[in-house]
Amino acid sequence: MTRMTLLALLLLSPSAGAASLTVFAAASLTDAFTEIGRAFDARTGHRTTFQFAGSQVLRAQLESGARADVFASANDAQFTPLLGRVVTSREVFARNRLTVIAPAGSAKVRSLRDLTGSGVRLVLAAPSVPVGEYTRRMLAAVDRSGTYGKDFAARALRNVVSEEGNVRQVALKVGLGEADAAVVYASDVTPTLKKTVRVVPLPTRFNQTAAYPLGVVRGSVSADAARAFVAFVKGREGQAILRRWGFLSP
């Protein structure tokens, strides 16, 4: 047995001194991390609670002194500036891809080209939100290709009726029929959402890959348990749960 294997086993072993962990995690991780938290707690005896929000909101809270033990972001732009000051390490634990969704009962948006159509209500995440940043990169890639004509991105952005603070709020707008289309992560098309939306094809050459980093927050009062949580997320059981919820391996 290697030293690293032994350390992982020790970190994940149930202990009489159960810790209370607070994990700040991107909104797109809500379902996967909730399941991971239940499995981790059952295995270790720890008690894990989550704060789910846009990564940019969680970063601001941490920079303002909010107490947490682990931070999991949906991109590096909201994570790397904290490295060394607020979080002690960076490990990519999952990846994701974009998808376009539309209401199941509407035919207004059938292809990417239709995002520029007259009267289309498009909902995106704000530019500071990771999925909002990835979405604008995708639109820029379409522009560079010239596939859908000149200034595709500008024409699509003119149809934006709302910019939301996290990806789950974006998806909800379509699920409620308050938008004709939206851009979310593939993992956000959950079994529940699938009942009310359909996926619009997004050509692979325009898609963007989102990398998710996480790390232990500096000053955590339960640093050993926090490291155990990170190890669990990156381990076989945590990765299997993430894949079930539509995430890609790191």
Side-chain angles (χ1 to χ4, degrees), residues 4 7-15 17-96 129-131 165-168 185 187 210-250:
M4 289 302 294
L7 177 61
L9 288 173
L10 289 173
L11 288 174
L12 291 172
S13 296
S15 169
S20 294
L21 285 179
T22 299
V23 177
F24 278 19
S28 53
L29 293 165
T30 299
D31 300 292
F33 264 32
T34 298
E35 184 176 344
I36 283 174
R38 287 196 297 265
F40 174 75
D41 291 354
R43 176 75 64 86
T44 64
H46 297 314
R47 296 180 298 276
T48 307
T49 59
F50 294 95
Q51 174 79 14
F52 294 110
S55 298
Q56 79 289 352
V57 172
L58 299 173
R59 171 190 170 184
Q61 291 174 349
L62 288 169
E63 289 181 318
S64 297
R67 299 295 298 272
D69 300 291
V70 176
F71 176 41
S73 174
N75 70 354
D76 273 318
Q78 302 302 333
F79 190 93
T80 302
L82 304 181
L83 193 56
R85 298 187 301 111
V86 179
V87 291
T88 61
S89 61
R90 173 192 175 275
E91 299 187 65
V92 174
F93 66 95
R95 297 185 187 276
N96 217 335
V129 182
V131 72
N166 69 63
V167 70
R168 288 305 173 92
Y185 295 120
S187 63
Y212 284 63
L214 87 167
V216 176
V217 176
R218 185 175 295 280
S220 166
V221 296
S222 303
D224 285 346
R227 285 190 288 271
F229 180 83
V230 171
F232 188 84
V233 170
K234 295 193 67 185
R236 181 183 299 177
E237 190 172 355
Q239 289 295 301
I241 292 170
L242 285 162
R243 286 193 296 273
R244 280 203 298 274
W245 285 103
F247 290 87
L248 305 174
S249 65

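Position 1 is the first residue of the sequence, and the numbers go up from there.
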Quick one: side-chain hydrogen bond (donor to acceptor under 3.5 Å, both in side chains) partners of Ser20, sequence neighbours excluded? Arg47
Ala26 and Ser55 have their tightest heavy-atom pair at CB-OG, 3.4 Å
Contacts satisfying salt bridge (Lys or Arg N to Asp or Glu O under 4.0 Å) that involve residues 55-71 (not counting sequence neighbours) are Arg59-Glu63, Glu63-Arg85
Is the shortest heavy-atom distance from the side chain of Arg218 to the side chain of Val86 under 4.5 Å? no
Separation of Phe229 CZ from Thr22 OG1 (nearest 0.5 Å): 11.0 Å
Which pair of non-hydrogen atoms, one from Pro130 and one from Gln56, has the smallest distance, and what is that distance? CD-OE1, 3.8 Å
Side chain to side chain, Val70 and Leu21, heavy atoms closer than 4.5 Å: no
Which heavy-atom pair separates Ala211 from Val92 by the least distance, and what is that distance? CB-CG1, 4.4 Å
Looking only at heavy atoms, the pair that brings Ala19 and Ser222 closest together is CB-OG, 3.7 Å
Beyond-backbone contact of Asn75 with Ser73, side-chain heavy atoms, under 4.5 angstrom: yes
For Phe33, run the ring-ring contact (aromatic ring centres under 6.0 Å, His included) check against Tyr212, Phe93, Phe247, Phe71 and tell me which one passes. Phe93
Between Ile36 and Leu242, is any pair of side-chain heavy atoms under 4.5 Å apart? yes
Within a strict 4.5 Å, meaning less than it, do heavy atoms of the Gln78 and Val129 side chains meet? no
Should Thr34 and Phe52 count as side-chain neighbours, where that means a heavy-atom distance under 4.5 Å? yes
Looking only at heavy atoms, the pair that brings Tyr185 and Ala210 closest together is CE2-CB, 3.9 Å
Evaluate side-chain contact (heavy atoms from CB on, under 4.5 Å) for Thr49 paired with Val23, printing each intermediate quantity in order. CA-CA 6 Å; Thr49 59; Val23 177; over 6 Å; no
Nearest-0.5 Å distance that lies between atom CG in Asn166 and atom CG in Leu58: 9.5 Å
If you look at every heavy atom in Arg90 and Leu83, which pair is closest and at what distance? N-CD1, 3.9 Å
Selection residues 234-250 - residue pairs positive for salt bridge (Lys or Arg N to Asp or Glu O under 4.0 Å), sequence neighbours left out: Glu35-Arg244, Arg43-Glu237, Glu91-Lys234
What is the distance from atom CG of Asp31 to atom OG of Ser187, rounded to the nearest 0.5 Å? 8.5 Å
Heavy-atom donor-acceptor pair, Thr80 side chain to Ala77 backbone, under 3.5 Å: no
Is it true that a side-chain atom of Arg95 and a backbone atom of Pro250 form a donor plus acceptor pair closer than 3.5 Å? yes
Are Arg227 and Ser220 side-chain neighbours, meaning at least one heavy-atom pair lies under 4.5 Å? no
Interatomic distance, Asn96 atom CG to Trp245 atom CH2 [nearest 0.5 angstrom]: 13.5 Å
